[in-house]
Asker: 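To start, I am sharing the structure in question, which I have written as structure tokens.
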Amino acid sequence: MDKIEILIIGRNKEIAATVERLVNTNPSWSGTCVNEDHEAIAIFQTKKFDIVLLGGGIEESSDVQLRTFFLNYNPTIIIIQHYGGGSGLLSNEILEALEKRDRS
């Protein structure tokens with residue numbers, strides 16, 4: 001079974017790296033972390049992602065531009081807004097999004 005590819009975008013490098021580490025503890029998931037919009041757009045165009053995880057600290061204008069780009073590029077992409085709250089919440093957010101996708 002292929003791993004679920006997750007693009008993690010976060011402004012705080014340490015927090016984003018922690019989220020990436022937590023995502024990668026699940027053997028079914030593979031997380032890739034970036035901190036800047038241009039990095040996110042560039043990697044999204046070169047690698048297939050199942051989920052985009054938007055971390056806290058992303059300005060509203062960037063959030064709108066990123067969501068618009070991702071959905072225009074791949075209308076089936078799952079976008080999750082993650083504000084923190086620990087590994088349990090993160091896992092639940094991802095699992096809920098995947099279950100919702102699978103029911104569709």
Asker: Any idea which heavy atoms bring Lys48 and Glu5 closest together, and the distance?
Answerer: O-CB, 3.3 Å
Asker: Is there side-chain contact between Asp50 and Ile6, with heavy atoms separated by less than 4.5 Å?
Answerer: no
Asker: From Asn26 CG over to Ile4 CD1, what is the distance, rounded to the nearest 0.5 angstrom?
Answerer: 9.5 Å
Asker: Between OG of Ser30 and NZ of Lys3, what distance do you get to the nearest 0.5 Å?
Answerer: 5.5 Å
Asker: Is Leu71 reachable from Leu53 through a run of I, L, V, M, F, W or Y residues, each pair having side-chain heavy atoms under 4.5 Å apart?
Answerer: no
Asker: With sequence neighbours left out, what residues match Lys13 under salt bridge (Lys or Arg N to Asp or Glu O under 4.0 Å)?
Answerer: none
Asker: Are Ile78 and Phe44 connected, step by step, through hydrophobic side chains (Ile, Leu, Val, Met, Phe, Trp, Tyr) whose heavy atoms are closer than 4.5 Å?
Answerer: no
Asker: Test of understanding: clusters of I, L, V, M, F, W, Y form through side-chain heavy atoms closer than 4.5 Å, transitively. Do Ile43 and Ile77 belong to the same one?
Answerer: yes
Asker: Which pairs pass salt bridge (charged side-chain N to carboxylate O under 4.0 Å, His left out) with one or both residues in residues 61-71, sequence neighbours excluded?
Answerer: Asp63-Arg67
Asker: Kindly work out whether a path of hydrophobic side-chain contacts (I/L/V/M/F/W/Y, heavy atoms less than 4.5 Å apart) joins Val19 to Leu95.
Answerer: yes
Asker: When you look at Leu98 and Trp29, which way does the side-chain contact (heavy atoms from CB on, under 4.5 Å) test go after all the steps?
Answerer: CA-CA 11 Å; Leu98 292 170; Trp29 301 344; 4.1 Å; yes
Asker: Filter on salt bridge (charged side-chain N to carboxylate O under 4.0 Å, His left out), then keep only pairs touching residues 93-104, sequence neighbours left out; what's left?
Answerer: none
Asker: If I compare all heavy atoms of Asn24 with all of Gly31, which pair ends up nearest, and what's the gap?
Answerer: OD1-N, 2.6 Å
Asker: How would you list all residue pairs meeting salt bridge (charged side-chain N to carboxylate O under 4.0 Å, His left out) that involve residues 21-43, not counting sequence neighbours?
Answerer: Arg11-Asp37
Asker: Could you tell me which residues satisfy ring pair (Phe, Tyr, Trp, His ring centres under 6.0 Å) with Phe69, sequence neighbours excluded, listed by chain and number?
Answerer: Tyr73
Asker: Under 3.5 Å, is there a donor-acceptor pair between the side chain of Thr68 and the main chain of Gln65?
Answerer: no
Asker: Are the side chains of Phe49 and Thr32 in contact, using a 4.5 Å heavy-atom criterion?
Answerer: yes
Asker: Minimum heavy-atom separation for Ala17 and Cys33, please, with both atom names.
Answerer: N-SG, 4.1 Å
Asker: With a 4.5 Å heavy-atom cut-off, do Leu66 and Ile79 have their side chains touching?
Answerer: no
Asker: Is the backbone N or O of Leu54 less than 3.5 Å from a side-chain atom of Gln81, with the two atoms forming a donor-acceptor pair by type?
Answerer: yes
Asker: Can you confirm whether Ile94 sits close enough to Val23 that some side-chain heavy atom of one is under 4.5 Å from a side-chain heavy atom of the other?
Answerer: yes
Asker: Looking at every non-hydrogen atom in both residues, tell me the closest pair between Leu7 and Ala40 and how far apart they are.
Answerer: CD2-O, 3.9 Å
Asker: Mind checking the CD1-CG spacing from Ile58 to Asn12? Nearest 0.5 Å is all I need.
Answerer: 11.5 Å
Asker: I'd like to know if Ile9 and Ile51 are part of one continuous hydrophobic network [Ile/Leu/Val/Met/Phe/Trp/Tyr, side-chain heavy atoms within less than 4.5 Å].
Answerer: no
Asker: Which atom pair, heavy atoms only, marks the closest approach of Gly10 to Asn35?
Answerer: O-ND2, 2.8 Å
Asker: For Asn74, what residues pass the side chain to side chain donor-acceptor pair (under 3.5 Å) criterion, not counting sequence neighbours?
Answerer: Thr76
Asker: Considering residues, nucleotides and ligands other than Glu59, do more than 12 of their heavy atoms fall under 6.0 Å from its CD?
Answerer: yes
